Amino acid sequence: MEKTEIVRKPVYKYCIGVDFKMEGNEEKVTMCKAAQQLEERGRLKTLAANVKSLMETMGWTAEHAMDALKVPESDRQTVSSRL
């Protein structure tokens, strides 16, 4: 078996619609989409942590904390489910 050198580069710099085929798996994954999904999960995780922090330190409801952080209506259900 040929040894392959692994080169780690920031995904965002090389994210131009590149397809990545997993070895042993026929499914292709577009790296840009994967990177966007990771970024979105991190954004929502951070929002939920910030809301929780305000709830604990200030004694606010989740709705009050999300109002203070200007959490978009489209994200509120997801953020609430992560508290």
Side-chain angles (χ1 to χ4, degrees):
M1 178 180 256
E2 184 179 311
K3 187 174 181 178
T4 304
E5 181 182 340
I6 297 174
V7 178
R8 297 194 196 304
K9 297 180 181 180
V11 173
Y12 295 108
K13 288 185 178 180
Y14 300 94
C15 186
I16 307 174
V18 176
D19 286 337
F20 179 74
K21 187 174 181 180
M22 301 292 289
E23 189 174 328
N25 187 348
E26 295 304 313
E27 183 177 346
K28 287 184 179 179
V29 177
T30 301
M31 290 306 292
C32 284
K33 186 171 183 169
Q36 288 169 347
Q37 289 172 342
L38 284 171
E39 182 180 14
E40 179 68 3
R41 274 193 260 165
R43 184 183 71 80
L44 292 170
K45 184 177 180 180
T46 300
L47 269 176
N50 291 339
V51 168
K52 188 172 183 177
S53 179
L54 284 174
M55 290 171 66
E56 291 171 357
T57 59
M58 303 299 288
W60 291 351
T61 64
E63 186 175 339
H64 188 171
M66 285 190 274
D67 287 343
L69 292 170
K70 297 182 181 180
V71 175
E73 286 295 326
S74 58
D75 292 335
R76 289 182 180 226
Q77 185 175 2
T78 304
V79 170
S80 292
S81 71
R82 294 173 181 234
L83 298 177

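No hydrogens, no waters, no symmetry mates; every other heavy atom, side chains included, goes into these values. Everything numeric here is computed off the predicted structure, so don't read it as measured data.
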Evaluate side-chain contact (heavy atoms from CB on, under 4.5 Å) for Met55 paired with Thr61, printing each intermediate quantity in order. CA-CA 6 Å; Met55 290 171 66; Thr61 64; over 6 Å; no

Give every donor-acceptor pair under 3.5 Å between a side-chain atom in residues 66-74 and any protein atom, sequence neighbours left out.
from: Asp67; atom 1: OD1; to: Arg76; atom 2: NH1; distance (Å): 2.9
from: Asp67; atom 1: OD1; to: Arg76; atom 2: NH2; distance (Å): 2.9

Acceptor/donor pairs from residues 41-48 side chains to any protein atom, 3.5 angstrom cut, sequence neighbours excluded:
from: Arg43; atom 1: NE; to: Glu40; atom 2: OE1; distance (Å): 3.1
from: Arg43; atom 1: NH1; to: Asp75; atom 2: OD2; distance (Å): 2.9
from: Arg43; atom 1: NH2; to: Glu40; atom 2: OE1; distance (Å): 3.4
from: Arg43; atom 1: NH2; to: Glu40; atom 2: OE2; distance (Å): 2.7
from: Arg43; atom 1: NH2; to: Asp75; atom 2: OD1; distance (Å): 3.2
from: Arg43; atom 1: NH2; to: Asp75; atom 2: OD2; distance (Å): 3.0
from: Thr46; atom 1: OG1; to: Gly42; atom 2: O; distance (Å): 2.9

Test item: Thr57 side-chain N/O and Ser53 main-chain N/O as donor-acceptor pair under 3.5 Å: yes

If you look only at pairs with a residue in residues 55-83, which of them pass as a ring pair (Phe, Tyr, Trp, His ring centres under 6.0 Å), with sequence neighbours excluded? Trp60-His64

Test: salt bridge (charged side-chain N to carboxylate O under 4.0 Å, His left out). Region: residues 46-64. Which pairs qualify, not counting sequence neighbours? none

